[in-house]
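Below, each value reflects all heavy atoms present in this structure, side chains not excepted, and no hydrogens, waters or symmetry copies. Computed from a prediction, not measured in an experiment: that's the story for all the values here.
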Amino acid sequence: SRLELHHVFPKAYLYKQGYQLADVNAIANFAFLTKECNLALSDAPPEEYLPKIAADQPGALESQWIPTDPELWKPENYLAFLAERRRLLAAAANEFLDDLHAGGLPESEALYDVATAHGVPMGGIGGEEEEQAIMELLEWAEEQGLPLPQLGYELADADTGALLAVIDVAWPDGLQEGLSQPVAVPLEEPEYVLRAVNQAGYLYFTTVEAFKEYAVSEVLAAGAPAD
């Protein structure tokens with residue numbers, strides 16, 4: 001049931017259409033699927049598989065804020081698709097924050113107890129420069145055969161379930177699943193976020209360069225399978 005990162009418009013498909021890395025790996029092109037679903041879709045173009053999902057699973061597209069206009073599923077309209085999905089994501093985020101601020105959400109739906117929110121380390125991806133660095137890291141990791149990380153990983157307390165931090169890039173199972181400790185790459189985060197990540201047992205790197213050095217020296221150079 002573990003979720004994996006999925007490109008709504010497959011990468012190879014977009015490259016063939018002439019799109020560049022920054023657009024191909026835009027956050028608005030990401031969705032979350034189970035491993036089984038991700039493998040089943042493979043590199044199918046969205047104008048082929050999205051209509052099937054819309055017909056077989058009503059509300060599934062809306063649940064991930066994927067535009068439902070079929071014209072936006074065509075490759076020539078990819079940039080318009082990104083713009084509309086960003087709008088939908090922003091609207092959903094603003095609605096959630098407004099409800100949270102107004103006390104309109106049940107306690108179970110809040111990310112953490114508002115009464116104890118003061119001082120809670122959050123973090124997360126912020127700004128185009130940071131987003132671009134993360135996209136380049138993902139591209140590099142994939143080229144090296146490393147397992148796919150989780151973006152915006154929500155680090156929660158194992159006992160209470162309270163949100164401790166949102167990590168930009170994380171490998172909760174390590175770069176060698178089951179054989180190495182969890183790894184995180186929190187970029188431009190305050191000290192209290194780093195402290196939360198460290199206390200959770202993560203080996204963390206605050207720059208992409210430092211992470212690459214670790215991956216090359218400890219995983220890739222050893223010749224051990226990364227996944």
Side-chain angles (χ1 to χ4, degrees), residues 1-9 22-34 37-38 41 46-47 49-74 77-132 134-135 138 149-157 160-170 186-190 192-193 196:
S1 62
R2 178 178 172 182
L3 295 179
E4 294 188 347
L5 204 60
H6 167 73
H7 286 75
V8 180
F9 281 72
D23 291 326
V24 171
N25 282 327
I27 291 294
N29 192 30
F30 290 148
F32 294 95
L33 298 176
T34 62
C37 290
N38 203 8
L41 292 178
E47 57 184 334
Y49 76 84
L50 288 181
K52 296 179 182 178
I53 293 177
D56 297 340
Q57 305 175 48
L61 299 183
E62 292 86 346
S63 72
Q64 295 219 34
W65 303 281
I66 293 176
T68 56
D69 181 356
E71 287 297 312
L72 297 179
W73 302 341
K74 298 179 179 179
N77 295 328
Y78 174 61
L79 296 182
F81 168 88
L82 292 181
E84 176 61 11
R85 189 156 190 247
R86 289 191 185 104
R87 186 191 69 78
L88 293 173
L89 289 168
N94 287 330
E95 181 180 357
F96 175 83
L97 292 174
D98 287 343
D99 286 344
L100 189 62
H101 178 72
L105 286 178
E107 184 177 352
S108 61
E109 293 185 22
L111 289 178
Y112 53 88
D113 188 347
V114 177
T116 60
H118 179 70
V120 171
M122 291 296 291
I125 301 172
E128 293 184 4
E129 184 175 342
E130 188 173 323
E131 180 180 321
Q132 182 61 33
I134 290 173
M135 292 305 101
L138 292 179
Q150 296 191 41
L151 298 183
Y153 179 71
E154 295 183 356
L155 179 64
D157 185 282
T160 67
L163 182 66
L164 299 176
V166 178
I167 307 174
D168 295 327
V169 184
L187 302 176
E188 302 295 332
E189 300 294 357
Y192 51 80
V193 169

When you compare the side chain of [Y] with that of [X], does any pair of heavy atoms fall below 4.5 Å?
X    : Y    : result
L155 : V166 : no
I27  : M135 : yes
V8   : W73  : no
Y78  : N29  : yes
L187 : V169 : no

Count the heavy atoms belonging to other residues, nucleotides or ligands that lie under 6.0 Å from CD of E188, then report whether that count exceeds 12.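 Incorrect, the count does not exceed 12.
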Apply side-chain contact (heavy atoms from CB on, under 4.5 Å) to the pair F30 and L138, showing each step before the final yes or no. CA-CA 12 Å; F30 290 148; L138 292 179; 4.3 Å; yes
Let me confirm one number: the CG-CZ distance from L72 to F9, rounded to the nearest 0.5 Å.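 One gets 8.0 Å once the value is rounded to the nearest 0.5 Å.
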Distance in Å, N25 CG paired with H7 NE2, rounded so as to fall on 0.5 Å steps: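 Going from the CG atom of N25 to the NE2 atom of H7 covers 4.0 Å.
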Quick one: list whatever passes side-chain hydrogen bond (donor to acceptor under 3.5 Å, both in side chains) with N77, sequence neighbours left out. none
Which residues share a side-chain hydrogen bond (donor to acceptor under 3.5 Å, both in side chains) with E95, sequence neighbours left out: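 In terms of side-chain hydrogen bond (donor to acceptor under 3.5 Å, both in side chains), with neighbours along the sequence ignored, E95 is linked to no residue.
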Among residues at least two apart in sequence or on other chains, which ones pass salt bridge (charged side-chain N to carboxylate O under 4.0 Å, His left out) with E71? K74
Pairs under 3.5 angstrom only: tabulate donor-acceptor contacts from the side chains of residues 52-66 to other protein residues two or more places apart or in another chain.
residue, atom, partner, partner atom, Å
S63, OG, A60, O, 2.6
Q64, OE1, F32, N, 3.0
Q64, NE2, F32, O, 2.6

Name all residues meeting the ring pair (Phe, Tyr, Trp, His ring centres under 6.0 Å) criterion together with Y153; count only those two or more places apart in sequence or in a different chain, and write none if there are none. none
Going by side-chain contact (heavy atoms from CB on, under 4.5 Å), name the residues that satisfy it together with R86, two or more places apart in sequence or in a different chain. A26, A28, L82
Go through the structure and list residues passing side-chain contact (heavy atoms from CB on, under 4.5 Å) with A93, not counting sequence neighbours. none
Which heavy atom of P46 sits nearest a heavy atom of P51, and at what distance? O-CD, 3.5 Å
Decide side-chain contact (heavy atoms from CB on, under 4.5 Å) for L50 and T68; before the verdict, give the C-alpha distance in whole Å, the side-chain angles of both, and the deciding distance to 0.1 Å. CA-CA 9 Å; L50 288 181; T68 56; over 6 Å; no
